[in-house]
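Proteins get letters first, then strands, A, B, ... in listed order; numbering begins at 1 in each.
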Amino acid sequence: MATAPAPLSLSASTLPARLRAGAVPAGARWRQARRGRMVVRAKIREIFMPALSSTMTEGKIVSWSAGEGDRVSKGDAVVVVESDKADMDVETFHDGIVAAVLVQAGESAPVGAPIALLAESEEEVPLALSKAQELSNGQPQQAPPAPTEDAAAAPPPPPAPAAAPAPVAAGTKGIASPQAKKLAKQHRVDLAKVTGTGPYGRITSADVEAAAGIQPKSKPAPAAAAPSVGAVPQAAVLPPVPGATVVPFTTMQAAVSKNMVESLAVPTFRVGYPIVTDKLDELYEKVKPKGVTMTVLLAKAAAMALAQHPVVNASCRDGKSFTYNSNINIAVAVAIDGGLITPVLQDADKLDIYLLSQNWKDLVKKARAKQLQPNEYSSGTFTLSNLGMFAVDQFDAILPPGQGAIMAVGASKPTVVADKDGFFSVKSKMLVNVTADHRIVYGADLAAFLQTFAKILEDPESLTL
Amino acid sequence: MQSTAAVSVSASATASRGGARSEAARRPGGVRVCGLRGEALTCPSLRISQAPARLAVARAAAATNGAVAGSGGGFDYDLVIIGAGVGGHGAALHAVEEGLKTAIIEGDVVGGTCVNRGCVPSKALLAVSGRMRELHDEHHMKSMGLQVSSPGYDRQGVADHANNLASKIRSNLTNSMKALGVDILTGVGTIVGKQKVRYGKAGFPDKEITARNIIIATGSVPFVPKGIEIDGKTVFTSDHALKLESVPDWIAIVGSGYIGLEFSDVYTALGSEVTFVEALDQLMPGFDPEIAKLAQRVLINPRKIDYHTGVFANKITPAKDGKPVLIELIDAKTKEHKETLEVDAALIATGRAPFTKGLGLENINVVTQRGFVPVDERMRVMDADGNVVPNLYCIGDANGKLMLAHAASAQGISVVEQISGKDHILNHLSIPAACFTHPEISMVGLTEPQAREKADKEGFEVNIVKTSFKANTKALAENEGDGIAKLIYRPDTGEILGVHILGLHAADLIHEASNAIALGTRVQDIKFAVHAHPTLSEVLDELFKAAKLQPREGRDSKPSSHPNRC
């Protein structure tokens with residue numbers, strides 16, 4: 001990585017030091033009392049995340065060149081920041097002691113957020129630390145009047161300084177064990193501020209870890225926790241059943257199992273929709289001799305509806321964004337011997353039903369022979385599962401990983417319906433139920449999609465176009 | 001090319017002899033043949049001698065302890081050895097083989113430092129530490145697909161393992177000598193005059209014996225600098241540490257040589273934190289600097305170890321009255337006080353001092369130098385006037401030439417060769433050394449700075465080649481790719497000057513190099529030797545193959561590479 005030595009100066013705001021404890025009303029009294037004795041006025045400066053480019057909104061700390069407790073002079077590089085463009089050394093604008101690092105190396109902070117506190121002298125270090133605690137708690141402790149800038153600028157709670165130790169822990173002889181010293185350096189813990197709890201008041205590695213806010217890693221993992229260590233994040237293995245036969249999953253079954261477990265991590269919801277199918281059934285009778293199946297008609301209809309509602313054809317891959325697919329590929333669940341596979345009708349919106357039917361026949365043949373190529377069963381952007389042929393009236397499908405929605409189609413059954421004029425009639429009606437990822441597909445999206453889908457099926461001539 | 005011819009002759013002669021010998025030598029704790037003897041004579045590093053020819057006699061002698069050869073001249077023994085450590089033991093076994101009537105005097109326990117308070121029990125502790133290290137290295141385990149939950153240890157169990165090993169090796173050693181008919185005399189030996197030794201135990205009358213030849217092999221004791229108070233509990237030497245009576249939370253190790261380094265491996269594996277105190281500016285001062293640097297990266301930095309270099313431990317006070325162990329550090333140069341460490345224990349590993357007091361050397365006009373008995377290259381003791389004292393030799397730590405158990409043994413064998421009428425000079429540069437950390441470090445010959453200094457003086461060039469364990473299949477299979485091997489050689493002649501290894505089983509790997517140096521094998525020859533695949537030995541194989549020689553006129557006449565001939 002190119003570390004451009006770009007000497008940038010940190011914006012540092014000067015904040016009058018305040019006492020942390022609520023007992024003392026405000027900083028003023030303290031400052032007065034103190035000023036009498038002291039030459040240097042107490043000052044704690046915040047080091048902000050600088051804007052290193054015009055497009056930068058947040059920066060990641062690559063590393064701290066200066067650690068807590070280090071004395072720095074104006075112009076010293078104190079931190080390396082990774083922007084959206086490059087890594088840059090950032091210099092301090094003031095002399096002082098780095099009292100508290102608020103954003104640790106590897107963490108990010110928005111531009112302008114305080115990333116460290118600079119104390120002007122040793123005396124201010126404890127104050128800076130208490131301020132660090134305020135900042136990391138997201139709000140000032142107890143009483144002190146909080147200037148708005150402060151609270152607003154509070155960064156996402158940086159874990160490390162949160163547990164910053166009792167600030168004034170002087171008095172120990174500061175003797176630290178070799179490992180404690182190593183850890184202190186690594187986690188930038190100022191040993192002078194750590195209270196030793198080891199033999200003869202010595203600072204142990206546990207003390208440093210506590211000061212750095214690290215959970216003791218319980219390096220030798222407690223034996224009790226060990227038994228459930230399994231490779232698959234599945235529920236605990238149940239005790240064996242006496243007399244039962246255990247048949248391990250085939251590869252396909254294992255893959256299904258894995259996908260199903262993974263789906264639990266996605267927040268899904270379901271929307272059902274009734275669709276009158278008399279016209280669809282008529283059409284089906286007409287095209288059936290030409291080798292068109294109901295599955296293909298439904299897939300085609302879904303694809304046409306998806307073309308109008310691209311969000312239902314999208315997926316959420318990282319929890320942070322929509323991935324809009326450029327193709328509409330309808331995966332159709334097919335039960336095969338000992339498993340389930342989803343051959344994919346690619347570009348189902350673009351191809352006509354006769355071509356799709358031909359493709360479908362080939363795919364099913366390959367699926368039964370277990371000869372599908374990966375792109376023929378894993379490239380779906382939307383899944384269709386039809387159990388109508390078993391007279392299932394409605395069911396609920398599980399969303400496969402990597403897709404935004406799955407449609408479950410029940411059987412079409414003669415149903416008594418009343419029209420708006422109050423006339424009763426018997427029409428064929430089927431229930432479809434769509435399961436979708438609510439991170440990207442909302443209720444209204446799905447409802448609108450289903451409405452479009454229903455319209456296409458209820459006036460199915462467009463399917464043959 | 002005469003020397004080349006001579007070497008090959010000597011090598012083959014040795015091989016045939018070695019074959020016969022090995023049978024006689026294969027006993028528990030048996031003879032080590034170190035510094036090979038050549039039958040041909042031009043190679044100065046090899047032995048200058050006449051034909052061997054005594055094997056049959058020697059074997060007969062083995063049963064009767066010198067009855068065949070006879071002690072003659074009215075001496076009680078042909079050879080009396082003072083000190084039954086590894087050096088004395090090696091000498092005794094070889095003496096019997098050579099048909100000498102032999103006695104060994106031991107004032108303490110058979111086996112000496114190595115077996116009782118050194119190499120042997122420390123290897124037991126290091127075996128434990130190696131396993132603990134592996135079991136605790138979750139990452140290492142996981143990468144091999146292993147799951148281990150919370151490994152722990154029982155201190156007493158570990159200590160017992162070390163102690164049991166020492167007892168076992170000690171009884172092996174004792175039995176091997178008894179079986180050969182070596183008289184083991186108990187008591188402290190003193191030289192009372194020319195070829196005369198007195199020995200005795202407290203409470204018993206002293207006895208005096210005469211011997212045609214005497215070998216002093218009294219070894220050494222841990223050296224404790226002034227100002228350090230040993231209490232055996234919180235401030236102690238390797239003698240106490242090997243008993244593993246405690247595993248302190250934090251231990252300072254004074255001295256970062258072999259002993260200190262090995263103990264740091266043991267203590268950190270058992271959960272202690274370690275602080276090294278080293279008087280020189282660099283840790284591990286005795287090692288090749290490049291190896292020391294890598295060792296620091298592998299054996300020091302990632303562990304719970306810190307260090308102070310360039311400082312003396314001026315004063316060390318054991319823990320008492322509710323105070324921890326106090327170590328006053330002063331600057332090694334300015335002698336100014338630097339800081340005071342407070343630790344739970346301190347191990348003094350500042351080297352070893354010869355154990356030569358009470359030997360009666362004054363009776364024969366020998367003056368020790370810093371306690372060491374002055375000897376010449378044949379281990380013959382020199383008196384105060386610089387003259388050889390006839391029939392008196394000193395081997396091992398007591399002469400200080402090379403303080404290693406196997407060096408002592410080799411010196412002992414060399415002496416026995418001489419008193420059997422075959423001149424022999426041991427090539428100390430062929431004696432390997434090893435440090436049994438995890439991974440191990442081993443070396444033979446010169447370090448790079450030593451080689452360069454020698455090259456400057458003698459006007460030749462030095463080449464260095466290196467290979468890595470990372471490229472070795474076996475090392476990678478073990479997930480132990482840390483380490484290098486380094487060869488220092490003369491590109492003009494192909495002579496091997498030194499080999500240094502840091503890596504898995506380095507101590508076992510060094511012998512190919514040390515044997516090559518002992519035999520005078522050159523890189524252009526050894527590179528054609530075949531190594532089993534996949535083994536760690538291929539690290540050395542690659543090393544030899546990587547060594548390039550300078551093209552030189554005169555050598556072309558005899559092509560050293562063979563393809564056309566095969």
Here the salt bridge (charged side-chain N to carboxylate O under 4.0 Å, His left out) pairs for residues 145-159 of chain B, sequence neighbours left out, are none
So the salt bridge (charged side-chain N to carboxylate O under 4.0 Å, His left out) pairs with at least one residue in residues 313-324 of chain B (sequence neighbours excluded) are B:Glu229-B:Lys320
When the 4.5 angstrom heavy-atom criterion is applied to B:Val274 and chain A, the contacting part is backbone
**Message:** If you count heavy atoms of other groups shown closer than 6.0 angstrom to NZ of B:Lys333, is the number above 12?
**Reply:** no
*Side chain B:Thr334, main chain B:Asp331, donor-acceptor under 3.5 Å*: no
Filtered by a 4.5 Å non-hydrogen cutoff, the part of residues 280-289 of chain B contacting chain A is none
Salt bridge (charged side-chain N to carboxylate O under 4.0 Å, His left out) pairs touching residues 260-280 of chain B, sequence neighbours excluded, are B:Lys123-B:Glu262, B:Arg133-B:Asp265, B:Asp265-B:Arg303
Between the CD1 atom in B:Ile316 and the CD1 atom in B:Ile228, the distance rounded to the nearest 0.5 Å is 4.0 Å
